[in-house]
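Each remark here refers to the structure printed beneath this line.
To find a chain, count down the sequence lines: A is the first, B the second, and so on, and within it residues start at 1. When reading the values below, keep in mind they use all heavy atoms of this one structure, side chains included, and skip hydrogens, waters and symmetry mates.
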Amino acid sequence: MTSPSEEIKLRFATAIEFALSKAYPNSGIDKQQILNSISTPKREFGDISSSIAIRLSKIAKRSPKEVSAAIVAGIPKSGIIKDINEANGYINASFNEVEYSKMVFEAVNSLKERYGSSDIGRGEKVIVEYPSINPNKPCVVSHLRNALIGDSISNILGFCSYEVEREDYIDNLGLQMAETLWGWKNLSDKPDKKFDQWLGEQYVIVNKRLEAGGEEIKGQVHSILRTIENTDTEESKELREIAERCIKAQRETLFRYGIYHDVLIWESDIVRARLLEKALEIGFKKGVFERPSEGKYAGCVVVKLEKIAKFAKELEGSREDSKVIIRSNGAATYIAKDFAFHLWKFGLLDSEFYYREFMGQPNGRALFTTAPDGKPMGFGNVKKAVNVIAVQQSYEQRIIKVLFSLIGREDIADSLVHLSYGMVNLEGITLSTRKGTWMGKDRDYTADVLLEEAVSKALDATERSGKLSDGSKAGSVSEAIGIAAIRFEFLRMSPKKPMVFSWDSALSFEGNSGPYCLYSHTRAGKVLRKGGYVGSSVGSGAYEKVSRGDDFELVKAIGSAGEAVEEAAYEYSPGVIADYIIRLTTTFNRFYESMQVLNSDAKEFRMGLIHAYMITLSNMLALLGIRTVDEM
RNA sequence: GGGCAUGUGGCGCAAUUUGGAUAGCGCAUCUGGCUUCGGACCAGAUGGUUGCGGGUUCAAAUCCCGUCAUGCCCGCCA
């Protein structure tokens, strides 16, 4: 069903279309153009507005004022839209506040925790990949940005009727892991803290050794690299154990933030499942890949960039003329593996992974993992894939898309979304897990430390306010507030924006912040409790008590939740939800200040309004992964 | 050499996809507001040639051309 704001927008557009077709039969303006012309005007102009007459004025060779007046005159007076008038060429109208309030309340009360949801996904299966942290380090703030975006966009797509599969890609091969294994074998330190933290510190030590001219070490690392590429060696088994231990430590952190997955896919299992051979077969059959017998790329498998350039102008002007898929020594490049993996995601390979349960999750759902000794399950085979990957990898992600176009699957290329997010840096320096800049002077830039800081600040604030009826709840309440602060801060801005991490803004509890939203929710709840609010139905007479003040502004804000959700899904941007939440919350706070509820003859209506507000707010916060609290 | 992203009051962001009325919000600064449902709040004020220069248009932060700055990418690394 359509949301209240979309419903009324549609009715407004239909009314205009009707009047327009009579006054200007040959205008050539269609319904979509009318819908695009509709916006929410400043309060004094009404509740809804269209600028279509201004656009039409040129075609009609009349002034905008004349055109809009003619359209207004032709709109039949009826129902939920009233007071239609002309101003400066705009067509402005007001809602019948009683009727619209009824429409909004009924939508909220019938849908409850589904209020604001949408059916645009039509049950299609989508796989979302995030955050793919290498299994040799802790989750630092840049990984956290990835993880939160991925988690939130999964929530949003799920709320839009997509069937979402949350997948995490584990890169347990490659140079980084070889270096980690070298450290494990050669450094004398033993794990004495959270394992991912410890392993990350070891990795930094190894890199310092290498940088200090460790030619001998470099040789040893490369020989390790060769042995782990073969997935059946002792080394690769040992490394997998280390990696699993690290992943489990990382999960502790992610779970605390409320970030969950359905399946882990290990790079070593991609190799084992021989996806690559089948991907190459497809590539050669479609004439996409070539194997030059001479020249610079002799012995490699390549794709000519001139082919790619046909689909992606931005890849022109490269310094090379080919992209290597398989190296001359037979080893696959990252692009090869990723292409093969994506063929699997879209169900184009008949190869199957084997899975087993990896661990339980606090949300009650098991986390599965690919594993050599597992059994087949139904992961993958999706209609759409969203990859939350840093902007630095745009070039490679673009090539993967183009490879799909080259094998004649433009449809898949269109369904493969690189949700790129900007770098997270520290003031003045880049955040590097290799160089160890994530280890700060007085505190590390890890997700663990950040959460500790946020929770302890929340605990201070909670104790100062002294509002908790039961002091033993301080811990869980502070946890929720801390998570809200961090999640809101990381999600409120567009993913593309580069972000400079600062403790001050990450721990902001005022203004545009998570705690501000939670605070608003607790105040609302308190009013209902004091007022003895029980049911969710509002007597039809009570709607007559709605005024033209901040109460109706709140009704309108609640009514447009669904629009925000669809826009967020369409743009892959949780920030749209954060923006909406701020608008909703601010509107409520104004209502709360300006209108009494319990000592008012409009008590029934206003309590119903607050109830609808709380449902809407908590639904929207849930999309950002923020849960509400009763007191704080 | 080529490509991509970003550029909006002192600071952090929104609005750019689909051009519309006075460019919104927060922080900071200044002024008010709790004997009344929770002050992590609200009201008001100060602060903007939307990087710069052209163009299109009745109308440009938004579209087009040029240009500057910052960051990232263009590897038989991942």
Side-chain angles (χ1 to χ4, degrees), chain A residues 32-33 35-37 39 41-42 45 49-52 54-55 57-58 63-64 87-90 92 134 171 173-177 267 296-297 299-302 305 312-320 322-329 331 333-335 337-338 390-396 398 420 422-423 425 430 458 461-462 464-465 467 481 489 492-494 496-500 502 504-505 508-513 515-520 522-531 570-571 575-576 578-579 582-583 586 589-590 592-600 606 610 631-632:
Chain A
Q32 191 55 49
Q33 282 174 287
L35 281 167
N36 287 344
S37 77
S39 62
K42 290 196 172 290
F45 291 125
S49 175
S50 166
S51 62
I52 199 69
I54 304 172
R55 185 171 300 268
S57 66
K58 190 148 203 183
S63 75
N88 307 323
Y90 290 86
N92 297 326
N134 282 349
D171 180 6
L173 303 179
L175 192 61
Q176 282 208 20
M177 293 311 291
E267 186 173 355
K296 190 176 174 185
Y297 300 107
C300 298
V301 173
V302 302
L305 284 177
K313 270 205 285 271
E314 65 267 32
L315 301 183
E316 283 175 0
S318 168
R319 293 184 183 123
E320 306 292 331
S322 296
K323 192 76 201 166
V324 172
I325 301 295
I326 304 289
R327 298 179 203 127
S328 53
N329 68 1
T333 60
Y334 170 77
I335 285 183
K337 292 177 195 168
D338 214 30
V391 65
Q392 286 96 314
Q393 295 192 37
S394 297
Y395 181 80
E396 285 76 10
R398 190 79 184 99
S420 94
M423 295 210 303
N425 280 318
T430 55
T462 304
R464 238 180 304 119
S465 82
K467 293 286 186 185
I481 295 169
E489 172 64 18
R492 57 180 249 269
M493 68 175 97
S494 146
K496 277 180 185 168
K497 294 254 185 190
M499 177 171 163
V500 175
S502 96
D504 279 349
S505 59
S508 164
F509 283 18
E510 292 163 355
N512 296 346
S513 75
Y516 170 91
C517 301
L518 292 190
Y519 181 71
S520 173
T522 62
R523 288 206 299 185
K526 197 63 173 289
V527 176
L528 292 192
R529 256 174 282 145
K530 281 208 172 176
Y570 178 69
E571 296 183 16
V576 173
D579 263 5
I582 285 295
R583 187 159 59 80
T586 305
N589 287 349
R590 275 203 271 270
Y592 180 89
E593 294 284 335
S594 71
M595 294 185 146
Q596 282 288 310
V597 176
L598 304 181
N599 308 320
S600 151
R606 291 180 187 171
I610 291 178
E631 299 172 317
M632 60 191 279

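In this structure, the nucleotide among B:A78, B:C42, B:G71 sitting nearest to the side chain of A:Glu396 is B:A78. Here the side chain of A:Cys300 is nearest to one of B:C58, B:C27, B:C76, namely B:C76. Side-chain proximity of A:Met423 to the nucleotides B:A40, B:G71, B:U17 is greatest for B:G71. The side chain of A:Ala87 sits closest to B:A21 out of B:A21, B:C74, B:C25. Minimum atom distance to the side chain of A:Asn36 is reached by B:U18, of the listed B:C74, B:A21, B:U18. When distances are taken from the side chain of A:Gln392 to each of B:C72, B:A21, B:C76, the shortest belongs to B:C72. For A:Arg55, whose side chain is taken as the heavy atoms from C-beta onward, the closest listed nucleotide among B:A40, B:G19, B:A78 is B:G19.
Nucleotides B:C73 and B:U62 are separated by 27 Å at their C1' atoms, to the nearest Å. For the P atom pair drawn from B:C30 and B:U46, the interatomic distance equals 16 Å after rounding to whole Å. Spacing between B:G75 and B:A14 at atom C1', rounded to whole Å, works out to 39 Å. Remark: the separation of the C1' atoms in B:G10 and B:G48 is 12 Å, to the nearest Å. B:A43 and B:G7 are spaced 33 Å apart, taking the C1' atom of each and rounding to whole Å.
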Show me the protein contacts with nucleotides 12-14 of chain B, counting only N or O atoms at under 3.5 Å.
residue : atom : partner  : partner atom : Å
B:A14   : OP1  : A:Ser494 : N            : 2.9
B:A14   : OP2  : A:Lys497 : NZ           : 2.8
B:A14   : O2'  : A:Asp579 : OD2          : 2.8

Checklist entry - What string of B, S and - do you get for nucleotides 30-38 of chain B, 5' to 3', when a contact is any protein heavy atom under 4.0 Å? => result ------BBB

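Considering only side-chain N and O atoms, A:Asn589 lies nowhere under 4.0 angstrom from the phosphate OP1 or OP2 of B:C41. A close approach under 4.0 Å does not occur between any side-chain nitrogen or oxygen of A:Arg464 and OP1 or OP2 of B:A40. Phosphate contact (OP1/OP2 of B:C42, side-chain N/O of A:Tyr516, threshold under 4.0 Å): present.
A:Ile54 comes within contact range of at least one nucleobase, with a heavy-atom separation under 4.0 Å. A:Ile481 comes within 4.0 angstrom of a nucleotide base, judged by non-hydrogen atoms across all strands. Within the 4.0 angstrom heavy-atom criterion, no nucleotide atom of any strand lies near A:Ser394.
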Item to check | From CA spacing to verdict: side-chain contact (heavy atoms from CB on, under 4.5 Å), A:Tyr592, A:Val597 | outcome: CA-CA 8 Å; A:Tyr592 180 89; A:Val597 176; over 6 Å; no

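Scanning RNA chain B for stems, defined as runs of 3 or more consecutive Watson-Crick or G-U wobble pairs whose donor-acceptor distances all fall under 3.5 Å, gives the following ranges: B:1-7 with B:68-74, B:10-13 with B:24-27, B:29-33 with B:41-45, B:51-55 with B:63-67.
The 5' end of RNA chain B is approached more closely, in terms of each residue's nearest nucleotide, by A:Ile582 than by the other of A:Ile582 and A:Thr586.
A:Asn425 and A:Thr430 are not linked by any side-chain donor-acceptor pair at a separation below 3.5 angstrom, with hydrogens and angles left out of the test.
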